[in-house]
Amino acid sequence: MEKTHSCGELRETNVGEKVVLMGWVAKKRDFGVFTFIDLRDRDGITQIVVSEETDREAHTKAKLLRGEFVVAVIGEVFSRSEGTHNSKLATGDIEVHASEILILNDAKTLPFELEKAGSQNLASEDLRLKYRYLDLRRPQLAHNIRMRARAVKEIRNYMDNLGFTEIETPILLKSTPEGARDFIVPSRIHTSKFFALPQSPQILKQICMISGLDKYYQIARCFRDEDLRADRQPEFTQLDVEISFANQETIYRIIEGMFQSVLRLIDVELPAQFPRMTYAEALRRFGSDKPDLRFEMELVDLSESFKNTDFAPFAAVLENKGEIKAIVVKGKADYSRKVTDDLQEFVKRYGASGLAWIKLGDELNSSLLKVLGEAKISELATTAKAEKGDAVLIVAGKKSVAAAALGALRIEVAKRENLIDRNAYKPLLVTEFPMFEHNDETGNYDAAHHPFTSPMDEDLEMFRTAIEDETQHELLGKVRAKAYDAVINGYECAGGSIRIHQKEIQALNFKALGLSPEVARARFGFFLDALEYGTPPHGGFAAGIERTCMILCGTENIRDVMAFPKTASAQDLMMDSPGDVDVSQLKELGIKIVE
RNA sequence: GGAGUCGUAGUUCAGUUGGUUAGAACGCCAGCCUGUCACGUUGGAGGUCGCGGGUUCGAGUCCCGUCGGCUCCGCCA
């Protein structure tokens, strides 16, 4: 027997047809002499009616059904009678009158209800993760997984239409100590040696450019052994792209076009050209290199206004080249002490020492009123462009701290006050990322993007000077790279760069990063060799598939767009991984567990 | 590595100042029910209060430790 239709497709036009449906019992409503069954499959739900009067045998079977039994229903499509249509179901204008019911399989009572009636409360996430196969029966989650498949298909079409070639690169690579921690895989044949799983196929795609393959892309699984976040898992998928003879503009067009075609899946039309902002501007205006542009509330710099005031902590901040910045929260002069206390706790997580505030209510109020006086507070409020009824939230600290704290506070307040338009999609290209980040622990400069990123032509001179002249080393912090991110709604959805294709610049860069020629050769020798055989200028990007899908699905959690995600402590609760291995396996690999 | 938060019936939660037999809703089981779609209705079963220790005449409640989920900081070239 074969099913004739899915549970989501029957309509008024099918009335009178004999059909066979197969699916799960989502719900049974028993009325004694007849019984309603909501039959669910991947496509939807169809109401089955079984009557004792007309179909005695089927009705007896229907009585036996329990939740999540798997059944086949043979019956006829009927139009629902007046007043019994269900507008909540796509199939709500019809119902199937069953003449025969086959129980294909029974099911234990589920450990949790798939969707709770009367409340939005889903079962706790650890329980749902343990029984992921049941959670995936939820239409919402199933929809997300299918949306992801459509997005990947759309991406493949798009890349293919642009003439890109999908190339698979190895999963078993070699460990390179830069960047994230590697997941390593022991080699049985070469005892005491290890493969590493790719953090990204970065070097391999660049080698494809040296090969002359050009226009490479891959839907690449990447692995990073770092702690998780709501938008980060230890394994994730990137659209990885590289192209030769390209400059930033070429790549921006590819990124823009890619996100445009993907967002069309949810009927959103992104602008042909994304707005652009330099890294420096993003940090100055939004305190973040991935600003959410769905709402305003930009940072205001009050450092100038605080000069020559005698509030010691703020004076010290300015003395040490710090900043005093603020956001204005519209109409929130009525923020209570508790709210500002909560927000103060919030900014402290980002290293801020406190949160000062001004409330422009009926009376002027401020945490700084006593120290600065009413006139100065008014002046500050005016400088911040705050109006009557507004609250001004002020953070003073190191530039990086003030930016991080206020950048995060801006998002936090927007969430609290519901300032974010859930139907808005605001893309942005952030450009001119710094080439290096100062590492406060080692005192060295690390690659901000990766060690193959090209400096901006304008900063090449500074780059050379900083490396060749020991006394000018800190200039490295000012060198900008041909590196960029694509940001949508505050999520870093893609990032990339133009790469270095000349070996002497690459050598300079290794020197800047404190890698001796010997060490660089040991780690990247094969790549440095390759660079010497006619490397075309090239560049590319990688886009996070999960983050893109989070935007498509309107979720803030990466687990909602992965079929089998791991918990925050990097475990799979369904298969209980990671797990022990047999001693014999370890022996074969020459591995001994210590402790 | 650190911080916050949660953990009570199968599930989601409530549980007063530490005090009798730990409750509700949903789910589950059994019965009744001719138009439901959150069906209704009658009855029933169901508890290691995450785990361990402590304080106390007495602990779901207080203290210490520990485990787990989530979120954040660090980390994520």
Side-chain angles (χ1 to χ4, degrees), chain A residues 26-39 45-49 51-54 66-67 78 80-89 91-92 95 108-131 176-182 199-200 202-203 222-234 236 342 345-352 401 404-405 408 411-412 433 435-437 439-441 445-453 481 483 492 495 497 509 513 515 523-524 542 544 556-557 559 566-569 571 573:
Chain A
K27 198 85 193 178
K28 186 178 78 167
R29 291 178 294 280
D30 186 352
F31 281 77
V33 294
F34 65 91
T35 298
F36 296 104
I37 297 154
D38 288 343
L39 193 67
I45 284 179
T46 300
Q47 175 163 282
I48 311 293
V49 188
S51 164
E52 186 179 37
E53 208 172 311
T54 57
R66 292 292 179 271
F78 278 75
R80 291 209 195 180
S81 56
E82 186 92 17
T84 65
H85 293 245
N86 185 348
S87 57
K88 289 179 205 158
L89 289 182
T91 60
E95 61 194 14
K108 292 193 349 189
T109 299
L110 266 44
F112 58 91
E113 290 166 71
L114 294 189
E115 263 159 319
K116 290 269 279 186
S119 112
Q120 299 297 312
N121 290 342
L122 292 170
S124 70
E125 194 161 7
D126 49 338
L127 191 68
R128 288 186 288 122
L129 284 170
K130 181 174 175 188
Y131 298 96
T176 54
E178 282 78 24
R181 271 183 215 97
D182 285 315
Q199 297 175 23
S200 86
Q202 184 60 37
I203 292 180
C222 302
F223 306 85
R224 296 178 189 175
D225 189 5
E226 297 293 346
D227 286 352
L228 293 83
R229 286 289 185 281
D231 64 348
R232 252 168 47 189
Q233 284 265 315
F236 60 100
D342 283 353
E345 285 311 306
F346 180 83
V347 295
K348 279 182 174 172
R349 299 211 290 259
Y350 298 85
V401 168
I411 309 278
E412 173 68 14
F433 269 74
M435 186 88 177
F436 304 98
E437 274 166 2
N439 185 328
D440 292 336
E441 279 176 37
Y445 284 88
D446 297 340
H449 188 52
H450 58 60
F452 317 109
T453 303
E492 180 195 326
S497 64
N509 199 28
L513 295 169
L515 288 180
R523 287 182 196 168
F524 308 111
E556 296 194 341
N557 200 304
R559 293 183 297 278
K566 292 177 178 57
T567 65
S569 61
Q571 284 178 295
L573 297 181

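A note on names: the letters A, B, ... follow the listed sequences, proteins ahead of strands, and every chain is numbered from 1.
Remark on RNA chain B: of its neighbouring residues A:F36 and A:A568, the 5'-side contact belongs to A:F36, judged by nearest-heavy-atom nucleotide. Comparing A:A448 and A:D126 along RNA chain B, the residue whose closest nucleotide (by nearest heavy atom) sits nearer the 5' end is A:D126.
Taking the side chain as every heavy atom from C-beta outward, A:D126 and A:T567 never approach each other to under 4.5 Å. In this structure the side chain of A:L129 never reaches within 4.5 angstrom of the side chain of A:Q571, judged on heavy atoms.
When the P atom is used for both B:A3 and B:G60, the distance is 28 Å, rounded to whole Å. Rounded to whole Å, the P atom of B:G18 lies 14 Å from the corresponding atom of B:A59. A distance of about 14 Å separates the C1' atoms of B:U17 and B:G58, rounded to the whole Å. As rounded to the nearest Å, B:G43 and B:G53 have C1' atoms that lie 43 Å from one another. Nucleotides B:C29 and B:C64 are separated by 43 Å at their C1' atoms, to the nearest Å. With P as the reference atom, B:G50 and B:A22 are 16 Å apart, rounded to whole Å. A distance of about 14 Å separates the C1' atoms of B:G47 and B:G15, rounded to the whole Å. For the P atom pair drawn from B:U61 and B:U56, the interatomic distance equals 16 Å after rounding to whole Å.
We find that CG of A:D182 is positioned 12 Å from C1' of B:C76, with the value rounded to whole Å. In this structure, A:K27 atom NZ and B:U36 atom P are separated by 16 Å, rounded to whole Å. If you take NZ of A:K566 and P of B:C76, they are 21 Å apart, rounded to a whole angstrom. In this entry the distance linking CZ of A:F78 with P of B:C37 reads 22 Å, nearest Å.
Close to B:C73, at under 4.0 Å from its OP1 or OP2, lies no side-chain N or O of A:R349. Listed pair A:K28 / B:C37 fails the phosphate criterion, with no side-chain N or O lying under 4.0 Å from OP1 or OP2. At least one side-chain nitrogen or oxygen of A:Q571 sits closer than 4.0 Å to the OP1 or OP2 atom of B:G69. Close to B:G35, at under 4.0 Å from its OP1 or OP2, lies no side-chain N or O of A:N86. For the pair A:S569 and B:G69, the criterion of a side-chain N or O lying under 4.0 Å from OP1 or OP2 is met. OP1 or OP2 of B:G4 has not a single side-chain nitrogen or oxygen of A:K348 nearer than 4.0 Å. Distances shorter than 4.0 Å separate some side-chain N or O of A:S124 from OP1 or OP2 on B:U12. Taking 4.0 angstrom as the limit, A:K108 places none of its side-chain polar atoms (N or O) nearer than this to OP1 or OP2 of B:G27.
Checked by distance alone, A:E95 brings a side-chain donor or acceptor within 3.5 Å of a matching partner on the base of B:G35. With hydrogens and angles ignored, a donor-acceptor pair under 3.5 angstrom links the side chain of A:R229 to the base of B:G74. In terms of polar N and O atoms assigned as donor or acceptor, the side chain of A:R66 never comes within less than 3.5 Å of the base of B:C29 in a complementary pairing. For a distance-only test at 3.5 Å, the side chain of A:E113 qualifies as a donor-acceptor partner of the base of B:G10. You won't find any donor-acceptor pair under 3.5 Å spanning the side chain of A:R224 and the base of B:C76, going by distance alone. Within 3.5 Å, a donor on the side chain of A:R80 pairs with an acceptor on the base of B:U36, or the reverse.
Atom CZ of A:R523 and atom CD1 of A:I203 lie 11.5 Å apart (nearest 0.5 Å). How far CG of A:D225 is from CG of A:D182: 8.5 Å, rounded to the nearest 0.5 Å.
Applying the 5.5 angstrom centroid cut-off and the 30 degree plane-angle cut-off, the aromatic ring of A:F112 is not stacked upon the base of B:U11.
With a 3.5 Å ceiling on both atom-pair distances, the Watson-Crick or G-U wobble partner of B:G68 is B:C6. Base pairing of B:C29 is made with B:G43, judged by Watson-Crick or G-U wobble geometry with both donor-acceptor distances under 3.5 Å.
The aromatic rings of A:F31 and A:F34 sit parallel, their planes meeting at an angle under 30°, below the 60° perpendicular limit.
Taking 4.0 Å as the cut-off between side-chain N and carboxylate O, A:E226 and A:R232 do not count as a salt-bridged pair.
No contact: A:E437 has no heavy atom under 4.0 Å from any strand. Within the 4.0 angstrom heavy-atom criterion, only backbone atoms of the sugar-phosphate kind lie near A:Y350; the bases stay farther away. Counting non-hydrogen atoms under 4.0 angstrom, A:D446 reaches nothing in the nucleic acid.
For A:K28, the NZ atom is densely surrounded, since the number of other residues' heavy atoms within 6.0 Å is greater than 12.
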